[in-house]
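These notes concern the structure reproduced below.
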Amino acid sequence: YYEQDQLVKSLDYFQRALRQFREYVADDDSCLHAIYNNIGNVYHKQNNLQMAFQYLEHSLNIAKSTVGINPETLATYSNNIACVLLKQGKIDEAMSYQMFANDTSMKALPQNHPRIAISYHNMAE
């Protein structure tokens, strides 16, 4: 539903998935970071920036504590938060998250990787 821009339905199904998982795991279980990120992205697309930030930040915090997490996942989640903060006009906070995303990418990828170019582009914005 997200890809079809049916955001209300998308949010409903993500929330259902989250409720179902939370019957069996803690709120900060490593299996939940993607769901929190997806819910945050729906709220961002709906322009509900406060809710987007809350879910995206929770997602990043879970991912940071997940052993063996792909560094690019951390960079993506941090970039998502930076986009929300930028839209709120919180430039310094957005830059902090974007710098974390860039640093994470630089440590994990070859210097000529396209993801690093994207990170530079986002920092330039």
Side-chain angles (χ1 to χ4, degrees):
Y1 288 113
Y2 183 83
E3 295 298 325
Q4 296 174 339
D5 211 30
Q6 295 184 40
L7 301 179
V8 173
K9 282 186 179 182
S10 175
L11 187 58
D12 178 53
Y13 280 102
F14 282 133
Q15 292 284 7
R16 287 182 194 193
L18 181 61
R19 279 192 304 273
Q20 187 76 29
F21 271 112
R22 288 178 59 196
E23 287 183 24
Y24 300 98
V25 300
D27 186 52
D28 60 350
D29 190 277
S30 63
C31 73
L32 298 178
H33 65 82
I35 293 173
Y36 280 106
N37 184 69
N38 290 336
I39 292 171
N41 286 334
V42 172
Y43 280 127
H44 184 200
K45 203 165 183 181
Q46 290 178 326
N47 210 32
N48 186 340
L49 302 179
Q50 183 174 359
M51 291 297 289
F53 178 79
Q54 289 176 11
Y55 277 88
L56 293 171
E57 185 176 51
H58 192 59
S59 173
L60 179 61
N61 289 335
I62 293 170
K64 282 181 176 179
S65 68
T66 300
V67 175
I69 189 83
N70 179 337
E72 281 309 291
T73 299
L74 293 175
T76 298
Y77 290 177
S78 189
N79 180 64
N80 290 348
I81 294 170
C83 291
V84 168
L85 291 168
L86 183 62
K87 206 169 185 180
Q88 290 176 317
K90 298 178 179 178
I91 307 301
D92 291 337
E93 289 178 66
M95 184 58 86
S96 175
Y97 280 95
Q98 193 57 56
M99 294 286 286
F100 174 80
N102 185 60
D103 292 346
T104 302
S105 294
M106 294 285 285
K107 291 175 188 170
L109 300 170
Q111 288 184 336
N112 62 347
H113 194 278
R115 171 75 182 140
I116 294 173
I118 292 168
S119 185
Y120 286 146
H121 174 266
N122 292 341
M123 288 171 58
E125 275 191 60

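Values below: every heavy atom of this structure, side chains too, minus hydrogens, waters and symmetry copies.
Using a 3.5 Å distance cut-off with no hydrogens or angles, the side chains of Asp28 and His58 do not pair a donor with an acceptor. If you check the side chains of Tyr36 and Gln54, you find no donor sitting under 3.5 Å from an acceptor. Remark: the Ser105 side chain and the Glu72 side chain contain an N/O donor-acceptor pair separated by less than 3.5 Å.
One hydrophobic cluster, built from ILVMFWY side chains closer than 4.5 Å, holds both Leu7 and Ile39. A continuous path of Ile, Leu, Val, Met, Phe, Trp and Tyr side chains, each step under 4.5 Å between heavy atoms, connects Leu18 with Val42, placing both in one hydrophobic cluster. Hydrophobic cluster membership differs between Ile91 and Tyr97, with clusters built from Ile, Leu, Val, Met, Phe, Trp and Tyr side chains linked at under 4.5 angstrom. A continuous path of Ile, Leu, Val, Met, Phe, Trp and Tyr side chains, each step under 4.5 Å between heavy atoms, connects Leu49 with Tyr77, placing both in one hydrophobic cluster. Under the 4.5 Å side-chain heavy-atom criterion for grouping Ile, Leu, Val, Met, Phe, Trp and Tyr, Tyr2 is connected to Met51 within one hydrophobic cluster.
Within 6.0 Å of CG in Asn47 there are more than 12 heavy atoms belonging to other residues, nucleotides or ligands.
Closest approach of Leu32 and Ala26 over heavy atoms only: CD1-O, 3.3 Å. Taking both residues in full, the closest heavy atoms of Gly40 and Ala52 are given as O-CB, 3.4 Å, listed atom of the first, atom of the second, then distance. Contact record, Thr104 with Pro71: CG2-O, 3.2 Å, taken as the closest heavy-atom pair.
To the nearest 0.5 Å, atom CG of residue Leu56 and atom CG of residue Asn41 are 5.5 Å apart. Taking CD of Gln15 as the start and CG of Asn38 as the end, the distance is 11.5 Å to the nearest 0.5 Å. Distance check: Ile118 CD1 to His113 NE2 gives 8.5 Å after rounding to the nearest 0.5 Å. Atom CG of residue Asn61 and atom OG of residue Ser59 lie 8.5 Å apart, to the nearest 0.5 angstrom. Between Gln6 atom CD and Leu11 atom CG the span is 13.0 Å, to the nearest 0.5 Å. Taken to the nearest 0.5 Å, the CD1 atom of Ile69 stands 8.0 Å off from the OG atom of Ser30.
If you chain together ILVMFWY residues whose side-chain heavy atoms come under 4.5 Å of each other, Ile116 ends up grouped with Met106, Leu109, Tyr120.
Between Glu125 and Asn122 the shortest side-chain heavy-atom distance falls below 4.5 Å. Counting heavy atoms from C-beta on, the side chains of Gln98 and Ser119 come closer than 4.5 Å. For the pair Gln50 and Val84, the minimum side-chain heavy-atom distance is 4.5 Å or more. The shortest distance between side-chain heavy atoms of Lys9 and Gln4 does not fall below 4.5 Å.
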task = Start with the C-alpha distance between Lys107 and Asp103, add both sets of side-chain angles, then the distance that settles salt bridge (Lys or Arg N to Asp or Glu O under 4.0 Å), and finish with yes or no.
result = CA-CA 6 Å; Lys107 291 175 188 170; Asp103 292 346; 6.0 Å; no
message = Let's go through Lys45 and Asp5 carefully: what are the C-alpha distance in whole Å and the side-chain angles of both, what is the deciding distance for salt bridge (Lys or Arg N to Asp or Glu O under 4.0 Å) to 0.1 Å, and is it a yes or a no?
response = CA-CA 9 Å; Lys45 203 165 183 181; Asp5 211 30; 3.3 Å; yes
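The ring-ring contact (aromatic ring centres under 6.0 Å, His included) search around Phe53 returns none, not counting sequence neighbours. Residues meeting the side-chain contact (heavy atoms from CB on, under 4.5 Å) test with Pro114, sequence neighbours left out: none.
With Phe100 as the aromatic partner, Lys64 meets the cation-pi criteria of under 6.0 angstrom to the ring centre and within 45 degrees of the ring axis.
Judged by distance alone, the side chain of Thr66 and the main-chain N or O of Ile62 form a donor-acceptor pair under 3.5 Å.
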